[in-house]
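Residue numbering restarts at 1 for every chain, and letters A, B, ... go by the order of the sequence lines.
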Amino acid sequence: MIPIRFDHADAAAGILQQWEAAGCSHADASSDKPPFSIVIPPPNVTGALHLGHGLNNTLQDIVVRRKRMQGYETLWMPGTDHAGIATQAVVERRLKENENQTRHDLGREALVDRIWQWKDQYETRILNQLKRMGCSCDWERLRFTLDPVCAAAVRATFFDLFQKQRIYRGKRLVNWDTFLQTAVSDDEVFNETKKGHFYHLRYPVIDPQSGEPESLEIATTRPETMLGDTAVAVHPDPASAFDQVAAGLQEKLAEASEKEKPAVEQQITALEKRRDEMLPQLLLLRDMAADGRKLRLPLLDREIPIVADEWAKPELGTGCVKITPAHDPNDYEVGLRCQLPMLNVLQPDGTINAEGGKYEGLTIPAARKAVVADLDALGLLGDVEDREIELPISDRSKTPIEPYLADQWFVAMNELAQTAMDAVADERVQIFPERYRRGYLDWLSEKRDWPVSRQLWWGHRIPIWSTGGLSQSEANELSDQLEKVAQQHPGQISHRIDADSDDTVAVFVCVRDEDETVEADVQSLGLAQDPDVLDTWFSSALWPHSTLGWPAETAELAKFYPTSTLITSRDIITLWVARMVLMGLNNLGEVPFSEVFIHPKILDSFGKTMSKTAGNGIDPNDVTDKFGPDALRFGLARIAGDTQDVRMPVQFECPSCEKLIDQTRKTQKLPRLDCPACGKPFSTQWAETEEDKALPKGAVVSERFETARNFVNKLWNASRFTLMNLEGFQPQSIDVASLPIEDRWLLSRLSSVTEQVSEGIDRYQYSEVARILYDFAWDEFCSFYVEIAKPRLSDPEQKAMTQNVIAHGLDQLLRLLHPIMPFVTESVWSYLGGLAPRRGVPEPVNAGAFVMTSEWPTAHADHHDVKIERQFSEFQKIIGAIRQIRASQNIKPSETVPVAIRCDESSRELLEPMKAYFASLASADIVAIGSDAKPFETDAHLGLPEVDVDVHVDLEKFIDVDAELGRLEKLLSQITGQISGKENKLNNESFVSRAPAPIVAKERESLTGLREQYASVQNDISRLKAKKR
RNA sequence: GGACGAUUAGCUCAGUUGGUUAGAGCGCCACGUUGACAUCGUGGAGGUCACAGAUUCGAGUUCUGUAUCGUCCA
């Protein structure tokens, strides 16, 4: 006997096993079915999956399962990403916390070993999370961005780009993380406003001419960087710079609201004053720069020039700005323009290097203190102002970023970016929702070269061997030797000679395959491999083809590339999606996917991004534990509309009483809480003390999944009812036209729903699909069809036919729901198969072992019948009217009420055979039906003018006159309101003359109906009042 | 500073090309448990559609502006 509840915990593991044993999700590259393929956005091995991944993977699985059912050879390629810096940072942080060691204590090899251990642990966890969610990836294929297959793709790509001169070496100011001692990308830096100081310093002028100042004053928030100063800049044309700023302010004034105007006016006055006071001095400075006057840099006693550059803003500070090209992005640009030396004063660990003279070895804060004190002692320190400073912070180590000049490998983006832009512009790649196109195109149009070096140990080592400091002839000789090595290893070696410094050159060799012999041959010539690794996104960019075996010409690649669609989140459209497109085009000449769907991001109820660090992160496993995998998936699908964010309230689940407790901003971060329901304490992810850790842990979940769990239960129980009534099931052919209205209504609805669901999935309208299925399953299949089936199944004459139709209805519903709720549908499917293995309308067919591999339903256009649906809706309205009257009279469901239905002849023909259903749906006994049906002596009446029906309920046994009068009065006031609304509208001359005639006619008609209804209700009221007396 | 999105019932969200008195789920209130389901059923209460203008016979829906929140980019 089928149990009363679906025990997901019990069922899920078995179902997974059966699917696996039957190879349901394995893709066959040699199949002749049309291909459909998706690559998983590889989750980071940094940590476990959160609900955002849950959403992402649910949406993919829905598409994948649906396509598989449609008969495509479907590959969902799983895998994980090594996430270079993030993973290394996590492991390094733990190393520091647990063993108080740095990576340098451990050494490269040992650290990388540790990270592999971490990776193994989290990869296992991640894959289990995906499997538990029911993700139907091809688990026989599994890639990792650092595995040998992906590594071969990385090497081949790098080699190719190197040969095409699209990879070059250059110096670049990078965001240097002094803690992790690596450059981090712009995306890994956030800004924080901190309190700091604005120091005014004076640099003496060397040999000032008469009338010229003895010293120049500059101001800085980072005084220690003066050690690296190589110039002071002034504006080349201060007068027109002032004019330009003034013009800008005037423009702003013209656009300003009254409220803002005074502030802008004030700015203009201040600017004018400043111009008057400062312009002569600034012109003088400009002339000094032109004249080649120099400054003496204090503390280091170095001569530095005054240069003219527009970066010096006359309207700010003293109008002079110190230039530190190696430690400030803007100054770097000035340095390039004015050909200034780039003087690096930092060690990789953030201490001052030998260039800093006596400050060598000091940390930045210590150097700052010392520099300021020494300048003060020399009388060269001016004002020190308090000021708020925007400080760049590394997202990885949470320590301040230092701009730092370093050698980096770059990918030239000019042409590559253009190919990726073209692919989207001409819609070879379509992005949904469409609004995300713009961000993609804008970002690519900047065509900024891509710095791919990372000073890390975890990642693909850059396949470049080099040696520097050579004379041109030495280099040529080496080049000749390399040619010889290259001949021994055809297609494996590419090299180039490049300037190293002003008078020396370096030789760079790129080795294609990871081949120890080749590498050894190169090394024997005195070349050493670059210590850096590649940006993670370099390997991720190859994911759609590297996972299929490229550069090898595999059957998988032939069958499944290009992939069909990519489903991901918007924050990596540029970092990942754009780069996959250009790499796919470069390596294979074909876009990697034709459609990209960007799904929303999940926020908590305060509008904050969900994350573990915020304490509001939900683990999909916790939701599955509590509500089941189907509820998790359905709950996620139903929130996936086309907005960019969705909110999800977050609760703690009390481990003692299972109550859900709303998170507040405060409780999100507490190590322990007391359950307000049962009073017992529990711990959270923040628990640190032994005492707190000993408490049972409260999971973080969301009540949003409760609805979905209830839906699973509803489906289960409707199935249970159906199965309990399939005894003696005999498959039979069915003539649809001869079926009673309720069956044809079901088939018609199934036809519409199938079409809507198919179209919805094609357009990635998940929330719409979930809603349609929920409403159909609950409000139509359960609330009406199953209820109506009850009397029919106990009628021997109708039983067999009804069994066939309801089995078909359930069968179709299971198929339609399967992509969203795979477990419960599979479970019911196997019960159904036990009782009715051959089923279907109009012709029964063998259903197959798994719903997962069953055929996706087709929408039978010939089953769709507008008239039947309209007629059935009339029936539903009458049921509603009877229920309304019953409820207002407080009549118990166990009591049957006599009902008379006044309607026209065609309705009578329709409703006559349905009389029994009024009993099961509304406990009503239809005593009269048709045009001659009359009100009862003790009558309650509800008119349905839109279908020209009057419903009369006999209240003889039940009448509560006051309750009935109450109901009627309320009804009357509603009608009155509507009538006056309509009258106003129709009395409005311009409405009548200007609105389209059909609209006006409709309003007139509806007013007439309302007036009739009014009269009728009023009549009922006076009748009742008379009776009362 | 720029781009994008959101603002509709206590909460989370639907609302198709403008056209009856704006819907759902959860929560709330009332009633109901002898076989599909209390993870349920039936009924009910609850909304100046953020604000201000404009277009229109008519605006939750179109346009302009403002505010608040969020995300991304500088």
Side-chain angles (χ1 to χ4, degrees), chain A residues 2 4-6 186-187 191 257 259 433 435-436 438-439 442-443 446 569-575 600-601 603-609 627-628 631 635 638-639 641-649 662 702-725 767-768 770-772 774-775 778-779 782-783 786-787 789-790 879-880 882-895 921-923 946 967 970 974-975 977-982 984-986 988-996 998-1000 1002-1003 1005-1007 1009-1010:
Chain A
I2 177 168
I4 196 162
R5 289 197 207 309
F6 176 54
D186 290 344
D187 319 294
N191 287 309
S257 66
K259 214 169 82 187
R435 64 174 177 278
Y436 293 112
R438 168 122 66 124
D442 284 353
W443 185 83
E446 291 178 23
S569 70
R570 81 184 108 89
D571 37 353
I572 50 177
I573 295 174
T574 52
L575 296 177
K601 186 166 176 164
L603 310 177
D604 72 5
S605 59
F606 307 106
K608 297 289 172 215
T609 304
F627 299 110
R638 88 199 299 259
I639 62 171
D642 74 351
T643 56
Q644 59 182 23
D645 301 314
V646 285
R647 288 186 182 209
M648 178 171 281
D662 278 337
S702 175
E703 67 186 9
R704 288 295 298 275
F705 295 100
E706 215 166 88
T707 308
R709 189 265 322 263
N710 294 351
F711 180 50
V712 171
N713 179 65
K714 187 73 180 178
L715 177 72
W716 177 260
N717 273 292
S719 307
R720 183 167 175 266
F721 168 83
T722 305
L723 297 165
M724 287 181 347
N725 285 282
S767 60
E768 178 79 355
R771 188 183 59 76
I772 287 168
Y774 182 95
D775 289 350
W778 201 306
D779 298 339
C782 294
S783 296
V786 167
E787 289 306 323
K790 284 176 183 172
I879 294 285
I882 300 171
R883 284 172 172 172
Q884 228 175 309
I885 292 170
R886 292 184 61 112
S888 70
Q889 291 289 315
N890 253 322
I891 300 171
K892 291 189 173 177
S894 50
E895 302 275 10
L921 283 159
S923 300
E946 70 275 24
R967 178 182 79 85
K970 197 178 128 201
Q974 276 175 2
I975 296 169
Q978 288 180 51
I979 288 177
S980 67
K982 301 271 180 218
N984 285 342
K985 207 165 189 180
L986 286 163
N988 182 348
E989 180 50 35
S990 55
F991 171 71
V992 178
S993 58
R994 298 200 195 199
I999 298 284
V1000 178
K1002 204 167 138 199
E1003 290 294 306
E1005 199 181 318
S1006 131
L1007 179 59
L1010 282 166

Is [X] near enough to [N] that one of its side-chain N or O atoms lies under 4.0 angstrom from OP1 or OP2?
X: A:Lys1002; N: B:G19; answer: no
X: A:Arg438; N: B:C4; answer: yes
X: A:Lys985; N: B:G58; answer: no
X: A:Thr643; N: B:C13; answer: no

Of the nucleotides [options], which has the atom closest to the [X] side chain?
X: A:Lys714; options: B:C13, B:G41, B:G19; answer: B:G41
X: A:Val786; options: B:A36, B:C37, B:G5; answer: B:A36
X: A:Gln644; options: B:C57, B:G32, B:G70; answer: B:G70
X: A:Arg570; options: B:A14, B:U71, B:G19; answer: B:U71
X: A:Asp645; options: B:C57, B:G70, B:A36; answer: B:G70

Can you find a donor-acceptor N/O pair under 3.5 angstrom joining the side chain of A:Arg5 to the base of B:U39?
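Such a pair exists between side chain and base.
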Side chain of A:Arg709, base of B:U39: donor and acceptor closer than 3.5 Å?
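Under the 3.5 Å cut-off, the side chain and the base do form a donor-acceptor pair.
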To the nearest angstrom, how far is [X] atom [atom1] from [N] atom [atom2]?
X: A:Trp443; N: B:C73; atom1: CH2; atom2: P; result: 11 Å
X: A:Phe606; N: B:C69; atom1: CZ; atom2: C1'; result: 14 Å
X: A:Asn717; N: B:A36; atom1: CG; atom2: C1'; result: 5 Å
X: A:Ile882; N: B:U42; atom1: CD1; atom2: P; result: 14 Å
X: A:Gln889; N: B:G43; atom1: CD; atom2: P; result: 16 Å
X: A:Asp642; N: B:A14; atom1: CG; atom2: C1'; result: 12 Å
X: A:Asn984; N: B:U20; atom1: CG; atom2: P; result: 17 Å
X: A:Arg647; N: B:C69; atom1: CZ; atom2: P; result: 11 Å

Would you say [X]'s side chain and [Y]'s backbone share a donor-acceptor pair under 3.5 angstrom?
X: A:Arg883; Y: A:Leu921; value: yes
X: A:Arg638; Y: A:Ala708; value: no
X: A:Arg886; Y: A:Glu895; value: yes

B/S/- along nucleotides 24-29 of chain B (protein heavy atoms under 4.0 Å) is -S----
Under a 4.0 Å N-O cut-off, is there an ion pair linking A:Glu768 with A:Arg771?
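Counted as a salt bridge, because a side-chain N and a carboxylate O are separated by less than 4.0 Å.
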Is a salt bridge present between A:Asp645 and A:Arg570, judged by a nitrogen-to-oxygen distance below 4.0 Å?
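Counted as a salt bridge, because a side-chain N and a carboxylate O are separated by less than 4.0 Å.
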Within-4.5 Å side-chain heavy-atom neighbours: A:Asn725 and A:Lys790:
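Contact flag for A:Asn725/A:Lys790 side chains = no.
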Contact check, side chains of A:Ser888 and A:Lys970, non-hydrogen atoms, under 4.5 Å
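When only atoms from C-beta onward are counted, A:Lys970 and A:Ser888 do not touch, as no gap falls below 4.5 Å.
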Can you tell me, in whole Å, how much space there is between the [atom1] of [N] and that of [M]?
N: B:G70; M: B:A30; atom1: C1'; answer: 40 Å
N: B:C29; M: B:U61; atom1: C1'; answer: 33 Å
N: B:G58; M: B:C40; atom1: P; answer: 46 Å
N: B:A22; M: B:A14; atom1: C1'; answer: 11 Å
N: B:G44; M: B:A52; atom1: C1'; answer: 36 Å
N: B:G60; M: B:A9; atom1: C1'; answer: 14 Å
N: B:U71; M: B:U39; atom1: C1'; answer: 36 Å
N: B:A59; M: B:G53; atom1: C1'; answer: 13 Å

Atom CG of A:Asn984 and atom CD1 of A:Ile979: how far apart are they, to the nearest 0.5 Å?
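Result: 12.0 Å between the selected atoms.
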Going from CG on A:Leu723 to CZ on A:Phe721, what distance comes out if it is rounded to the nearest 0.5 angstrom?
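Interatomic distance, A:Leu723 CG to A:Phe721 CZ, rounded to 0.5 Å: 10.5 Å.
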Could you go through nucleotides 44-46 of chain B and list every protein N or O atom that sits under 3.5 Å from one of its N or O atoms, giving the distance for each pair?
unit_1, atom_1, unit_2, atom_2, d
B:A45, OP1, A:Lys970, NZ, 3.3

Angle class for the A:Trp716/A:Phe6 ring planes (parallel below 30°, perpendicular above 60°, tilted otherwise)?
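Answer is tilted, since the angle falls between 30° and 60°.
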If a pair means Watson-Crick or G-U wobble with both distances below 3.5 Å, what does RNA chain B look like in dot-bracket form, with | marking bases paired to a different strand?
(((((((..((((.....[...)))).(((((.......))))).....(((((..]....)))))))))))).
With a non-hydrogen cut-off below 4.0 angstrom, is A:Val712 in contact with a base, only sugar-phosphate, or nothing?
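Nothing: the residue A:Val712, judged by heavy atoms under 4.0 Å, touches no strand.
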